[in-house]
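To start, the structure under review is shown below, and the notes come after it.
Being a predicted model, the structure only gives us computed values, none of them experimental. Letters A, B, ... mirror the listed sequences (proteins, then strands); counts begin at 1.
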There are 2 protein chains.
Amino acid sequence: MTELGRLYGLGIGPGDPELLTLKAHRILTTVPVIAYPISENGKALARAIVSDFIRPDQIEISMSLPFDVKRSPHPYYDIAATKIAEHLKVGTDVAVLCEGEPMLYGSFMYLFQRLSRQFPTEIVPGISSIMASAAMLGVPITYRNDVLSIIPATLDETTLSDRLAVVDAAVIIKLGRHFTKVRRVINRLGLLHRALYIERATQSNQRIVDITEVKQVDVPYWSLILIPSQMEMGRWGDGEMGRWRDGEMGRSRKIW
Amino acid sequence: MTELGRLYGLGIGPGDPELLTLKAHRILTTVPVIAYPISENGKALARAIVSDFIRPDQIEISMSLPFDVKRSPHPYYDIAATKIAEHLKVGTDVAVLCEGEPMLYGSFMYLFQRLSRQFPTEIVPGISSIMASAAMLGVPITYRNDVLSIIPATLDETTLSDRLAVVDAAVIIKLGRHFTKVRRVINRLGLLHRALYIERATQSNQRIVDITEVKQVDVPYWSLILIPSQMEMGRWGDGEMGRWRDGEMGRSRKIW
């Protein structure tokens, strides 16, 4: 009986190829088959991130996925899973390239659900764009007892507002056409002065703009708003006080 | 005038040395000075993670930090910042090793606040133990429109309950002596059957146990509970239904 191939869900990080882990790099450069999503207009961002590491003798599977949310992606994932399974069945390992972190809002999960029961499966965690954004903005997200919520901008206005009202720090992801709605909610909750905007963190076309200057028409899906924690002050009653300063990013930030 | 040295907040991931990024590895192996926390009993986990990469000619700064939460860490960070600044002032780069991700509940932030105004500072994001835990447990955290909350177990019981009541997925961190309280809250909210427990994800002494078998006395600070999303079903009315199965980790998981 042939041994089955191993399926890797390979987190490749947010865009900078140097943010691959040593493990992801090792697997990527030694696995015989790689698979990645390709959009209807032929773009393959995950492949582009790691293109310098791919060898000509590696087999590539491009998975067509619809970006139109009104269409079910399930038939597309069925096709992709079948293609991948053909290699796994004959003992060939396959690495699926996943932007950011595979287990966090990742499309890999649809393949995981289809394949991980039949084939040995290993997830290699990657740097999430959420974490990378904080590094690029140069601002700590959370301290000590803070609650952090990661909130998709796709939620309706009331739910967004309810969720944002109770958090110490938040990251609002998948902005795109929802930007104006999100900014309205943030403004109403008195959070606008804390909100930081970033697009395509660590990619070559990364953009950081003051949130008050962002125009809805320019906002891509791969953008987010970070509302960092307001530092917990005076915990030990040692008289240290927070104060505001102009940060390097043109924003005021609370620091010691 | 001497050029100033650069301060790196170097995310080194949750424990597996192979989960360093290529960038963190490059900086770690070329920087002249590294700094890391050391506990009162002489343990230096961050250094241990990367010990195979450290060269004998690198200068090491070990930063003593109190683990007793009743004592202010500020004097200790003042001392550490002064030591680090001595190198930066004369143009020598310094990398501070940060377990996991520097900007997420990281002690690096206290150094960032003390040094980033005077010295050029760069944050290198790392794999958070939160993300690594999902990979090790083999379970997706969030899908599509899910809200994910990261909640410290140190919160009081009422606040914990309020926060957990409204999330689609949650990670409860810093369990330690708060485990029994957290399990009580989870049980009361009817979430116990979804809760997964893991200690020291990706470290050599990683431990995954069914949450109903965990004893308070055994729970370290570096443990967490993951409550993964219940998959959003029937979005396209295509008749696919979730069902439960026994997962590889001895837990039931919801899958297609």
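Top candidate by heavy-atom pairs under 4.5 Å with chain A, chosen from B:Thr202, B:Leu148, B:Leu104, B:Ile123, is B:Leu148. When each of B:Thr142, B:Val147, B:Ile127 is scored by its heavy-atom pairs under 4.5 Å with chain A, the top score falls to B:Thr142.
Here the side chain of A:Tyr105 pairs no donor or acceptor atom with the backbone of B:Ile141 at under 3.5 angstrom.
Below 4.5 Å, heavy atoms of chain A meet heavy atoms from B:Asp16, B:Pro17, B:Glu18, B:Leu19, B:Leu20, all part of residues 11-20 of chain B. Of residues 150-168 of chain B, those residues with a non-hydrogen atom less than 4.5 Å from any non-hydrogen atom of chain A are, in numerical order, B:Ile150, B:Ile151, B:Pro152, B:Thr154, B:Leu155, B:Arg163, B:Val166.
With rounding to the nearest 0.5 angstrom, the CZ atom of B:Arg144 is 11.5 Å from the OG atom of A:Ser107. Atom OH of B:Tyr143 sits about 4.0 Å away from atom CD of A:Gln113, to the nearest 0.5 Å. The distance from the OG atom of B:Ser229 to the CE atom of A:Met103 is 12.0 Å, given to the nearest 0.5 Å. Note that CD of B:Glu101 is 11.0 Å distant from CD1 of A:Ile130, once rounded to the nearest 0.5 Å.
Residue pairs that meet the side-chain hydrogen bond (donor to acceptor under 3.5 Å, both in side chains) test with at least one member in residues 119-138 of chain B, sequence neighbours left out, are B:Arg6-B:Glu122, B:Lys23-B:Glu122. Counting only residues at least two apart or on different chains, no salt bridge (charged side-chain N to carboxylate O under 4.0 Å, His left out) pair has a member in residues 103-113 of chain A.
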- [ ] Apply side chain to side chain donor-acceptor pair (under 3.5 Å) to the pair B:Thr21 and A:Thr21, showing each step before the final yes or no.
- [x] CA-CA 4 Å; B:Thr21 62; A:Thr21 62; over 6 Å; no
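For the pair A:Leu22/B:His25, a side-chain contact is recorded, criterion being any heavy-atom separation below 4.5 Å from C-beta on.
For A:Gly138 against B:Phe112, the heavy-atom pair with the smallest separation is O-CZ, 3.2 Å.
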